[in-house]
Number of protein chains: 2
Amino acid sequence: MRTLKYALLGLIDRGPITGYDISKEFEKRIMANFWHAKHSQVYPELKRLLEENLITVELIIQGEKMEKKLYTITTEGHAEFVEWLLLDEPLGVTPKDVFRLRTFFSDFMSASDYEQHLHSQLDKHNFKKASLENSMTKSFDNIPEYGSKEFGDYAVLLGAIMREDSYLAWLKACLGAINRQD
Amino acid sequence: MRTLKYALLGLIDRGPITGYDISKEFEKRIMANFWHAKHSQVYPELKRLLEENLITVELIIQGEKMEKKLYTITTEGHAEFVEWLLLDEPLGVTPKDVFRLRTFFSDFMSASDYEQHLHSQLDKHNFKKASLENSMTKSFDNIPEYGSKEFGDYAVLLGAIMREDSYLAWLKACLGAINRQD
DNA sequence: GATTGCATGTAAGAGGTTACATGATTCC
DNA sequence: GGAATCATGTAACCTCTTACATGCAATC
């Protein structure tokens with residue numbers, strides 16, 4: 001399906017960018033909430049997009065002699081990206097979740113062991129949620145208007161927070177379901 | 001991390017089972033809500049578990065001459081599975097989501113195109129939620145007791161429904177955020 | 001007798017991670 | 001001078017999907 005291809009095209013379509021900065025988007029920024037790729041995957045894909053004439057590259061010198069490569073989208077690249085953007089694909093497989101797998105097999109552990117698991121998960125997801133909410137309040141004091149880059153940022157951040165909320169609610173429901181037996 | 005290994009060990013730990021029936025679990029049953037694997041991945045992994053002495057195999061004849069292989073867990077297999085079950089692993093990367101990626105790049109499409117996307121997603125997730133809720137009401141009229149196989153089934157099904165609920169709520173929030181501009 | 005489901009496998013390739021490898025720049 | 005960060009790449013390996021391949025059993 002080559003989704004990474006379109007993730008890269010989208011980022012490059014926003015303006016010239018280096019492979020390094022693309023990798024940073026995946027690792028640390030908002031994008032990490034719904035897509036990711038290591039630099040070892042990004043660089044070869046950029047090479048491929050170049051060969052396919054979807055992007056061009058400009059070598060620039062930073063400081064004395066350090067080279068960096070600025071990638072820019074081509075007309076064909078933009079066209080392919082927008083075409084992909086409008087596709088209505090079927091839902092795709094449900095994401096894998098190791099903790100749900102452990103829950104499925106919870107009959108192989110004691111109630112107190114599973115309860116410990118649940119508390120550990122609650123801690124981790126609470127932490128993640130807090131970090132997302134921190135980003136939210138720091139970046140947005142009202143809903144950005146549709147059509148701006150910020151709208152996308154806001155929408156996916158909201159989605160990430162809601163996903164954490166739902167996961168936390170599920171964990172609490174599991175706790176409740178254990179302790180209901182009395 | 002070899003998570004598939006433990007998914008297989010868990011299923012086999014519940015009692016002797018064939019590779020075919022394991023594949024069915026991943027494709028159609030409750031497990032599909034948090035893990036999946038095609039038969040082309042299951043059969044080689046079973047072979048590997050055999051070599052590692054974590055399971056044993058018994059060849060049985062079905063009908064006239066059709067062979068099937070019943071896998072049974074060994075003492076070592078059970079021990080390794082339970083050890084894995086109790087592991088408290090770090091959270092792991094956020095699952096990829098193509099529709100969130102499209103949302104992130106929504107500034108490259110018109111509001112009406114994105115709104116169409118949202119309605120299409122609402123349809124698909126509503127359908128999925130209805131199917132999950134149908135399973136829930138058909139299988140459970142009250143919360144199974146902790147320690148039973150049914151408790152795990154119930155917990156992951158509940159989680160799947162809550163996940164769909166949350167996704168639907170997010171989609172509606174996105175719709176609201178577009179139409180708020182007036 | 002044909003279709004659907006049962007049952008098991010392999011091969012090629014795509015997608016992704018970990019580790020290896022190198023060198024420049026900036027900040028302390 | 002040393003550490004962290006900038007910047008780019010490759011190699012080996014693991015995971016997973018798609019396609020190929022075969023044959024039996026049950027049902028209509």
Side-chain angles (χ1 to χ4, degrees), chain A residues 1-8 16-29 31-32 34-52 55 57-71 89-90 92-98 101, chain B residues 1-8 11-12 16-29 31-32 34-52 55 57-71 89-90 92-98 101:
Chain A
M1 250 166 304
R2 301 206 44 202
T3 310
L4 177 60
K5 162 179 168 176
Y6 299 103
L8 297 185
I17 188 171
T18 65
Y20 186 80
D21 286 330
I22 288 172
S23 294
K24 268 202 303 190
E25 286 288 326
F26 286 128
E27 275 160 30
K28 305 192 248 272
R29 315 252 180 224
M31 276 198 97
F34 54 88
W35 209 265
H36 59 267
K38 308 287 170 73
H39 76 275
S40 57
Q41 207 185 350
V42 169
Y43 288 119
E45 187 65 31
L46 285 169
K47 203 175 169 181
R48 194 170 168 191
L49 294 179
L50 255 178
E51 285 161 11
E52 295 172 325
I55 56 174
V57 70
E58 186 195 358
L59 211 79
I60 62 172
I61 304 295
Q62 190 83 340
E64 199 65 18
K65 55 172 111 168
M66 195 172 74
E67 290 180 347
K68 60 178 185 178
K69 294 180 171 178
L70 255 194
Y71 293 97
E89 294 173 287
V93 296
T94 307
K96 293 177 177 179
D97 183 329
V98 186
L101 182 61
Chain B
M1 249 169 307
R2 300 204 46 201
T3 310
L4 177 61
K5 164 180 167 177
Y6 299 103
L8 296 185
L11 287 171
I12 299 168
I17 188 171
T18 65
Y20 186 80
D21 286 329
I22 288 171
S23 294
K24 269 201 304 188
E25 285 288 326
F26 286 127
E27 277 159 31
K28 304 192 250 272
R29 315 253 180 222
M31 276 198 99
F34 54 88
W35 209 266
H36 58 267
K38 307 287 171 74
H39 76 275
S40 57
Q41 206 186 351
V42 170
Y43 288 119
E45 187 64 32
L46 285 169
K47 203 174 168 181
R48 194 170 166 191
L49 294 178
L50 254 179
E51 284 161 12
E52 295 172 324
I55 55 173
V57 68
E58 187 195 358
L59 211 80
I60 61 172
I61 303 294
Q62 191 84 338
E64 197 66 17
K65 55 172 108 168
M66 195 173 74
E67 290 180 349
K68 60 178 184 177
K69 294 179 172 180
L70 255 194
Y71 293 97
E89 293 173 286
V93 294
T94 307
K96 292 178 178 178
D97 184 328
V98 186
L101 182 60

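Every chain is numbered from 1 and lettered A, B, ... according to where its sequence line falls, protein lines coming before strand lines.
For B:Met66, the listed nucleotide lying nearest its side chain is D:dG23; candidates were D:dC6, D:dG23, D:dT8. The A:Asp21 side chain lies nearest to D:dA7 when the options are C:dC6, D:dA7, D:dT15.
If you take OH on B:Tyr71 and CG on B:Leu46, they are separated by 5.0 Å, rounding to the nearest 0.5 Å. The OH atom of A:Tyr20 sits 8.0 Å away from the OH atom of A:Tyr43 when rounded to the nearest 0.5 Å.
For the pair A:Lys38 and C:dG15, the criterion of a side-chain N or O lying under 4.0 Å from OP1 or OP2 is not met. Close to C:dT17, at under 4.0 Å from its OP1 or OP2, lies a side-chain N or O of A:His36. At least one side-chain nitrogen or oxygen of B:Lys47 sits closer than 4.0 Å to the OP1 or OP2 atom of C:dT10. Checking the phosphate oxygens (OP1, OP2) of C:dT8, no side-chain nitrogen or oxygen of B:Tyr20 falls inside 4.0 Å. Dashed line: the shortest gap from a side-chain N or O of B:Gln62 to OP1 or OP2 of D:dC24 is not under 4.0 Å.
As a whole-Å value, the separation of B:Trp35 CH2 from D:dC16 C1' is 11 Å. Computed from coordinates, the A:Gln41 CD to D:dC13 C1' distance equals 14 Å when rounded to whole Å. A straight line from CG of B:Leu46 to P of C:dG9 spans 8 Å, rounded to a whole angstrom. Atom pair A:Arg2:CZ and D:dT17:C1' shows a separation of 16 Å (rounding to whole Å applied). Rounded to whole Å, atom C1' of C:dA11 lies 17 Å from atom OH of B:Tyr43. Whole-Å rounding puts the B:Lys68 NZ to C:dG5 P distance at 17 Å. Atom CD in B:Glu27 sits roughly 11 Å away from atom P in C:dC6 (whole-Å rounding). D:dG9 atom C1' lies 14 Å from atom CG of A:Leu50, rounded to whole Å.
Nucleic acid contact class of B:Ser23 (heavy atoms, under 4.0 Å, all strands): none. Within 4.0 Å of B:Tyr71, counting heavy atoms only, lie sugar-phosphate atoms of the nucleic acid but no base atom. Contacts of A:Lys96 with the nucleic acid, taken as non-hydrogen atoms under 4.0 Å apart, involve only primed sugar atoms and P, OP1 or OP2.
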Quiz item: Hey, mind stepping through B:Met1 and B:Glu89 against side-chain contact (heavy atoms from CB on, under 4.5 Å) and telling me if it holds?
Solution: CA-CA 11 Å; B:Met1 249 169 307; B:Glu89 293 173 286; 3.7 Å; yes
Practice problem: Just do the side-chain contact (heavy atoms from CB on, under 4.5 Å) check on B:Ile61 and B:Glu67 with the steps written out, would you? | Solution: CA-CA 5 Å; B:Ile61 303 294; B:Glu67 290 180 349; 3.6 Å; yes
Quiz prompt | Audit row: B:Thr18, B:Lys69, side-chain contact (heavy atoms from CB on, under 4.5 Å) steps and yes/no | solution = CA-CA 6 Å; B:Thr18 65; B:Lys69 294 179 172 180; 5.9 Å; no
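Positionally, the nearest nucleotide of DNA chain D for A:Lys24 lies more toward the 5' end than for the other of B:Lys65 and A:Lys24. If you find the closest nucleotide of DNA chain C to B:Val93 and to B:His39, the one lying nearer the 5' end belongs to B:His39. Along DNA chain C, the nucleotide nearest A:Glu67 and the nucleotide nearest A:Leu4 are compared for position; the residue whose nucleotide lies closer to the 5' end is A:Leu4.
For B:Ser40 against D:dT18, a side-chain-to-base donor-acceptor contact under 3.5 Å is present.
In this structure the side chain of B:His36 never reaches within 4.5 angstrom of the side chain of B:Met31, judged on heavy atoms.
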